[in-house]
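I have placed the structure first, in the form of structure tokens, so that the comments after it can refer back to it.
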Amino acid sequence: MSSSSSDEPIKKKPITIITIGMAGAGKSTFVQRITSYLHSKDSPPYVLNLDPAVAFMPFEANIDIRDTVNYKEVMKQYNLGPNGGILTALNLFTTKFDQVLSLVEKRSDTVDYVILDTPGQIEIFTWSASGAIITDAIASSFPTVIAYIIDTPRTSAPATFMSNMLYACSILYKTKLPFILVFNKTDVQPHDFALEWMHDFEAFQEALATHGGTRDAEGEPTYMNSLMNSMSLVLDEFYKHLKAVGVSSMTGDGMKEFFDAVGASREEYETQYVPEIERARAAREKALHDAKADSMSRMMKDLEVDRARHPEAAAQDRWEPEEEEQEAEDDDIDVNIIDRSEERWPGEYIDVTRAQRHGDEGIHWPRPG
Ligand SMILES: Nc1nc2c(ncn2[C@@H]2O[C@H](COP(=O)(O)OP(=O)(O)OP(=O)(O)O)[C@@H](O)[C@H]2O)c(=O)[nH]1
């Protein structure tokens with residue numbers, strides 16, 4: 001019996017991995033590692049670089065913000081410092097993110113993973129309107145997971161560990177997306193201590209007590225010590241919502257565990273995030289509907305008062321549908337839709353890998369200035 005096309009399994013949407021982390025945590029090396037891992041599994045990902053200031057990228061991006069905005073030109077033009085330049089470049093890029101989304105959507109039948117590398121200065125992405133717009137746009141189109149990259153050797157002191165976890169916590173509550181803590185550089189220091197501190201809060205408090213600088217001259221716990229003790233209790237709840245894996249972007253250790261966690265996150269996205277965005281969308285639509293109904297009822301009341309006051313004017317106030325139709329036809333003449341699909345235009349996003357594969361097509365790379 002021949003199988004019909006409807007019997008074929010429906011291709012799942014690609015899952016998007018947004019990598020976020022403190023400067024130097026190893027985001028770019030991690031992106032390069034997972035990209036090469038996926039290539040080795042015959043599942044090449046679609047990669048987006050959102051860091052306009054990166055000097056060297058150890059992987060090939062399909063879409064690179066640097067092809068669209070030159071942050072140094074932005075700095076000059078708007079008289080900004082480096083951080084302002086990077087933020088403004090990201091803002092400019094975000095204004096056309098719909099084009100990026102449609103490029104990603106075009107590839108969604110052939111790729112299983114979309115990977116985003118974000119700017120080195122973590123706050124530029126996590127605390128900017130652009131970062132939120134990009135995250136929301138991606139997450140409402142594709143299953144999305146945040147991979148929070150941590151420099152394990154630099155997180156081995158209890159106070160640094162706590163600060164890093166608080167930052168991760170703030171991103172989790174801001175995005176509400178499935179979240180994976182990626183303890184990187186395990187070739188230098190294994191991440192067992194971190195897992196122990198996350199699962200056993202007494203072990204963390206013990207480490208805190210034995211760590212220097214947590215007692216004052218009289219041997220009493222310092223203010224910082226008490227604060228961190230209390231915070232560890234608060235974070236206990238937060239840890240329950242997280243997956244944590246250890247990887248070495250240098251050696252490639254932990255890749256399978258990372259992708260297992262990504263697979264589990266897809267389920268979490270579907271069962272938790274999707275209902276949440278649908279609830280938010282329904283609430284927004286209801287609020288809009290209520291606001292419209294309210295303004296309509298106020299307008300009708302005003303009209304009634306007006307008609308009662310000026311009955312002679314109300315008598316002349318007649319709707320002439322024919323006149324209106326004529327006006328509508330006149331309006332149509334002004335509509336001027338430009339179809340740009342045939343030609344490239346300055347500022348258009350370019351799929352870099354495609355362009356490179358067909359280097360002889362004479363593609364002009366737009367760079368402002
Ligand atoms: N030993 C070791 N070093 C690593 C690992 N991952 C990254 N590094 C090193 O850490 C440094 C920072 O790595 P990057 O990938 O540039 O870090 P980043 O987070 O992208 O840094 P920004 O460009 O500031 O955003 C580099 O010297 C890497 O070689 C790892 O798993 N093990």
Side-chain angles (χ1 to χ4, degrees), residues 16-40 45 47-67 69-72 74-75 81-90 93 114-128 130-131 134-135 145-157 160-161 163-165 167-168 170-171 179-195 244-259 261-262:
T16 305
I17 302 167
I18 304 181
T19 57
I20 293 178
M22 302 284 178
K27 290 179 297 296
S28 304
T29 317
F30 176 73
V31 169
Q32 187 247 335
R33 175 57 67 183
I34 56 175
T35 303
S36 70
Y37 177 82
L38 290 171
H39 273 279
S40 76
V47 185
L48 276 71
N49 170 45
L50 299 185
D51 186 354
V54 65
F56 167 71
M57 232 169 41
F59 54 87
E60 191 185 358
N62 297 76
I63 295 176
D64 190 336
I65 186 172
R66 295 174 304 168
D67 292 325
V69 250
N70 180 338
Y71 94 101
K72 287 195 175 151
V74 171
M75 276 170 68
N83 283 345
I86 296 169
L87 179 61
T88 308
L90 189 67
F93 185 76
V114 177
I115 301 169
L116 266 73
D117 192 12
T118 57
Q121 292 79 349
I122 188 168
E123 66 283 2
I124 287 183
F125 191 78
T126 53
W127 291 104
S128 67
S130 308
I134 291 175
T135 308
V145 53
I146 305 284
Y148 183 72
I149 318 297
I150 299 165
D151 187 327
T152 314
R154 280 212 239 151
T155 311
S156 53
T160 332
F161 178 80
S163 313
N164 224 328
M165 292 302 110
Y167 208 101
S170 70
I171 299 170
F179 206 89
I180 306 174
L181 291 177
V182 181
F183 288 96
N184 190 28
K185 309 193 186 181
T186 51
D187 56 302
V188 180
Q189 169 141 18
H191 69 303
D192 316 5
F193 72 92
L195 294 184
V245 293
V247 303
S248 166
S249 304
M250 205 60 108
T251 65
D253 263 7
M255 285 298 115
K256 184 181 175 307
E257 290 75 7
F258 173 72
F259 280 100
V262 170

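Each ligand, and each atom within it, is numbered from 1 in the order the structure gives.
- Taking the ring centroids of Tyr37 and Phe258, they lie at or beyond the 6.0 Å cut-off.
- Of the polar atoms of Gly26, at least one N or O is found under 3.5 Å from an N or O of ligand 1, judged by distance alone.
- Among protein heavy atoms, the minimum distance from atom 3 (N) of ligand 1 is reached at Met250 CE, 3.4 Å.
- When side chains are defined from C-beta on, Lys27 does not count as touching Ile20, because their heavy atoms never get closer than 4.5 Å.
- Tested against Ser28, the residues Thr19, Asn49, Asp51, Asp117 include a single side chain to side chain donor-acceptor pair (under 3.5 Å) partner, Asp117.
- If you check which protein heavy atom lies closest to atom 6 (N) of ligand 1, you get Asn184 ND2, 3.2 Å.
- Counting heavy atoms from C-beta on, the side chains of Met57 and Arg66 come closer than 4.5 Å.
- No side-chain heavy atom of Phe161 sits less than 4.5 Å from a side-chain heavy atom of Ile150.
- Nearest protein heavy-atom neighbour of atom 1 (N) of ligand 1: Asp187 OD2, 3.0 Å.
- Distances between N or O atoms of Ser249 and those of ligand 1 include at least one value under 3.5 Å.
- With ligand atoms numbered from 1 in the order given, ligand 1 contributes 24 (O) to contacts under 4.0 Å with heavy atoms of Ala23.
- Within a 4.0 Å radius of atom 24 (O) of ligand 1, the protein contributes one or more non-hydrogen atoms.
- For atom 10 (O) of ligand 1, the closest heavy atom belonging to the protein is Lys185 NZ, 3.1 Å.
- Using a 4.5 Å heavy-atom threshold, the side chains of Ile65 and Tyr71 count as separate.
- The side-chain heavy atoms of Ser128 and Leu90, taken from C-beta on, include a pair separated by under 4.5 Å.
- Within the 4.0 angstrom cut-off, atom 30 (C) of ligand 1 has one or more protein heavy-atom neighbours.
- Two residues are said to be in side-chain contact when any heavy atoms from C-beta on lie closer than 4.5 Å; Glu257 and Val182 fail this criterion.
- Heavy-atom separations between Val188 and ligand 1 include at least one value shorter than 4.0 Å.
- Nearest protein neighbour of atom 18 (P) of ligand 1, counting heavy atoms only, is Lys27 N, 3.4 Å.
- When heavy-atom distances to ligand 1 are checked against a 4.0 Å cut-off, Thr29 comes that close through both its backbone and its side chain.
- Considering both main-chain and side-chain atoms, Gly24 comes within under 3.5 Å of ligand 1 through a nitrogen or oxygen pair.
- At least one heavy atom of Ser248 sits under 4.0 Å from some atom of ligand 1.
- Under the 4.5 Å side-chain criterion, counting only non-hydrogen atoms from C-beta, Tyr167 is in contact with Ile122.
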